[in-house]
Every structure is written in C-alpha cells, then in structure tokens.
Amino acid sequence: MSRAAAPLDPVPAGDQPAAPRHVAIIMDGNGRWATARHLPRSAGHERGVEALRRTVDAAGELGIKYLTVFSFSTENWRRPPAEVNTLFALLKAYVQRDLGRLKAEGVRIRIIGQREGLPPDIASLVNKAELETSGNTRFNLTIAFNYGARDEILRAVQAIARDVKAGVRDENISESEFAAYLDTSGLPDPDLLIRTSGEFRISNFLLWQAAYAELLFCDVLWPDFGRSHLEEALKSYNERERRYGAVTPGAG
Ligand code: FPP
C-alpha cells in the first residue's frame with residue numbers, strides 16, 4: 001500500500017478470481033529463518049515485520065478486505081524475556097511507524113487479545129491506533145497480540161455470565177450473540193486460514209471463528225512470505241468447494 005495510485009483498490013473483476021473476504025495468517029518460522037542464517041531470533045522477527053508490510057499491501061491489492069495476523073500468543077510469554085521484549089518493541093515500532101500511512105490509506109486497525117498485562121505504553125498506543133482508524137472502511141487489519149482463542153472464549157463466557165447474573169440477558173444465547181462477546185465482534189469469520197513454515201497446527205488461533213475456514217499450510221518461512229505466496233494461497237482457495245456441511249447441489 002505504499003504505492004501511489006489507490007493501492008487498496010482491488011484488481012477489476014474479471015481480471016482475477018474472487019478473493020476470500022477474510023484471510024487469517026499464523027506467521028510462523030521467524031526463528032528458523034534466523035537460525036538458518038546464524039542470526040539472532042530477533043532478526044527473524046524484524047524481517048517478519050517486513051513480510052507483514054508486504055502482505056498487507058498485497059492483500060489490499062488482491063481484493064481481500066480483512067486480514068488478521070497472529071503476532072503474539074498468550075503462550076508466547078513462555079519465551080525468554082529478551083524475545084518477549086523484542087516482540088513488544090516490534091509491535092510498538094510498527095504501529096508508531098505505520099499508523100499515519102495506514103490511516104491515510106483507509107485501513108482500520110484492530111488489536112485482539114488480552115489488554116490486561118500489556119505494558120501501559122503499548123496499551124495506550126493500541127487504543128490510539130484503533131480510535132484514529134475507527135472510521136476507515138477500505139481494509140481491515142487485525143493484529144492478534146497477547147491473544148489465545150481459549151482465553152478469548154473464556155473471557156466471553158465470563159462476560160455473558162456477568163450479564164446474565166445482572167439480569168440483562170437470558171440464557172438462550174444464539175451463536176451470533178455469543179460471537180458478539182468475542183474480541184472479533186464485528187468481523188466476518190475468516191474464509192481462509194494460512195500457516196507458514198510447514199507446521200500443521202492451529203495453535204489456539206481463532207478457534208470459534210475458523211470453524212468453516214479453508215486451511216492452507218505452506219512451507220515458506222514467514223520472513224520470506226510475500227505477494228506470490230498469497231497469490232498461490234488464493235489460487236488454492238479458489239479451487240476448493242466450500243459446502244458448510246451441506247452437499248454439492250446435484251450430487252447423487
Ligand atoms: C512465530 O515464529 C512468530 C511469532 C511468535 C511472532 C510473529 C511476529 C512477527 C511476524 C513480527 C512482529 C509483528 C508485529 C506486528 C509485532 P517463531 O519465532 O515461532 O519461529 P520458529 O517456529 O521458527 O522458532
């Protein structure tokens with residue numbers, strides 16, 4: 001999206017297959033990328049931010065409206081403190097450096113995950129980014145930070161329990177009402193979930209929301225990910241048939 005002419009406008013219909021509305025990515029392999037080059041793991045995370053920038057640009061250009069990326073999990077606290085600090089510093093630097101540009105390009109930024117436990121400077125920066133971009137509608141970038149799906153679901157259940165106790169809601173809560181208690185309230189479910197680095201796991205990411213997502217696992221390490229890999233993923237997505245539990249029309 002750093003390019004000049006309306007970079008978030010999708011390529012005209014007919015020139016490319018329909019893009020999934022919402023793509024979610026587990027950005028994995030930063031550590032292995034760095035180790036293979038005899039670099040510190042932090043170098044892999046730094047290059048991971050570059051890959052994120054490329055992917056945000058490409059996603060907008062390819063007609064995707066929602067991109068959600070997993071950048072720090074509730075389990076990542078188990079990493080050495082220096083690495084945790086690096087990831088926090090990178091989020092801060094990314095928002096500080098890119099907020100103005102993303103805002104001008106019509107990108108709405110959301111951060112999902114636990115706010116409690118974030119250092120106050122990061123929490124206030126995240127609030128600022130969300131507030132300043134809340135009116136944007138061209139593209140939606142959601143960063144999962146200090147996020148775990150089980151934690152998100154538990155917090156939703158606790159909030160519902162509080163509301164029911166207060167007499168505000170009854171217990172016959174529907175799927176859509178439940179979803180409104182999740183951090184992703186207001187976002188469509190992901191259509192395509194990509195994980196890089198050759199691992200075949202969901203790792204506590206969007207467990208509720210990805211119920212019907214197409215899953216795509218690719219070998220590329222996240223710092224090497226770019227537009228061509230995203231295009232490959234969209235091609236694979238377009239070759240699949242999504243049935244949502246139904247049968248193919250006309251099938252015997
Ligand atoms: C997984 O690679 C990646 C992460 C835990 C962090 C993802 C973070 C970024 C892409 C950069 C930060 C971006 C922002 C916006 C903060 P890994 O370290 O588990 O790699 P490995 O499995 O090869 O060790």
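Quick note: numbers below take in every heavy atom, side chains included, and nothing from hydrogens, waters or symmetry partners. Order of appearance sets the numbers: ligands from 1, and atoms from 1 within every ligand.
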| request: Check the angle between the aromatic planes of Phe88 and Phe145 and answer parallel, tilted or perpendicular using the 30° and 60° thresholds. | output: perpendicular
| message | Counting only nitrogen or oxygen atoms and a 3.5 angstrom limit, does Ser71 reach ligand 1? | response | no
| query | Any idea which heavy atoms bring Gly44 and Ala34 closest together, and the distance? | reply | N-CB, 3.7 Å
| Under 6.0 Å from the CZ atom of Arg240, do we count more than 12 heavy atoms belonging to anything else shown? | yes
| task | Group every Ile, Leu, Val, Met, Phe, Trp and Tyr by side-chain heavy-atom contacts under 4.5 Å, then state whether Tyr181 and Val157 land in the same group. | result | yes
| task | Under 4.0 Å, heavy atoms only, figure out whether ligand 1 is touched by the backbone of Leu221, its side chain, both or neither. | result | neither
| task | Using a strict 4.0 Å cut-off to heavy atoms of Leu91, name the atoms of ligand 1 that fall inside it. | result | 16 (C)
| query | Considering only heavy atoms, does Glu199 approach ligand 1 within less than 4.0 Å through its side chain, its backbone, both, or neither? | reply | neither
| field | Worked verdict on Thr142 versus Thr184 for side-chain contact (heavy atoms from CB on, under 4.5 Å) | value | CA-CA 9 Å; Thr142 302; Thr184 49; 5.7 Å; no
| query | Does any N/O atom on Gly31 come nearer than 3.5 Å to any N/O atom on ligand 1? | reply | yes
| message | With respect to Tyr94, determine whether any N or O atom, backbone or side chain, lies less than 3.5 Å from an N or O atom of ligand 1. | response | no
| Should the proximity of Trp222 to ligand 1, defined as any heavy atom under 4.0 Å, be assigned to the side chain, the backbone, both, or neither? | side chain
| note | For Leu87, the ligand 1 atoms with a heavy-atom partner under 4.0 Å come out as 6 (C), 8 (C), 16 (C)
| query | Is there a donor-acceptor pair under 3.5 Å between the side chain of Asn140 and the backbone N or O of Tyr66? | reply | no
| Residues Arg97, Arg53; criterion side-chain contact (heavy atoms from CB on, under 4.5 Å); working and verdict | CA-CA 11 Å; Arg97 191 173 139 191; Arg53 287 197 176 98; 3.8 Å; yes
| query | Do Ile194 and Leu230 pass the side-chain contact (heavy atoms from CB on, under 4.5 Å) test, and can you show the C-alpha distance, the side-chain angles, and the key distance before you say yes or no? | reply | CA-CA 9 Å; Ile194 301 171; Leu230 188 59; 4.1 Å; yes
| request: Give yes if a backbone or side-chain nitrogen or oxygen of Trp33 is under 3.5 Å from a nitrogen or oxygen of ligand 1, and no if not. | output: no
| field | Side chain Arg54, main chain Phe225, donor-acceptor under 3.5 Å | value | yes
| field | Shortest protein contact, atom 11 (C) of ligand 1 (heavy atom only) | value | His45 O, 3.5 Å
| message | Suppose I only count heavy atoms of Leu52 and a 4.0 Å limit; which atoms of ligand 1 are within that range? | response | 15 (C)
| Is it the side chain (CB and beyond), the backbone, both or neither of Arg79 that lies under 4.0 Å from ligand 1, heavy atoms counted? | side chain
| message | Is the ring pair Phe70/Phe205 parallel, tilted or perpendicular, if the boundaries are 30 and 60 degrees? | response | parallel
| Which option out of Met27, Arg32, Arg47 puts a heavy atom nearest to atom 22 (O) of ligand 1? | Arg32
| Heavy-atom count around Arg150 CZ within 6.0 Å, excluding the residue itself: above 12? | no
| task | Would you mind checking which non-hydrogen protein atom is closest to atom 13 (C) of ligand 1, with the distance to 0.1 Å? | result | Val49 CG2, 3.8 Å
| query | Looking only at protein heavy atoms, which one is nearest to atom 9 (C) of ligand 1, and how far off is it? | reply | Asn30 ND2, 3.5 Å
| message | Regarding ligand 1, does Arg41 bring an N or O atom to under 3.5 Å of one of the ligand's N or O atoms? | response | yes
| Mind checking whether Glu46 has a heavy atom under 4.0 Å from ligand 1? | no
| Counting each atom of ligand 1 from 1 as listed, which ones have a heavy atom of Asn76 under 4.0 Å away? | 5 (C)
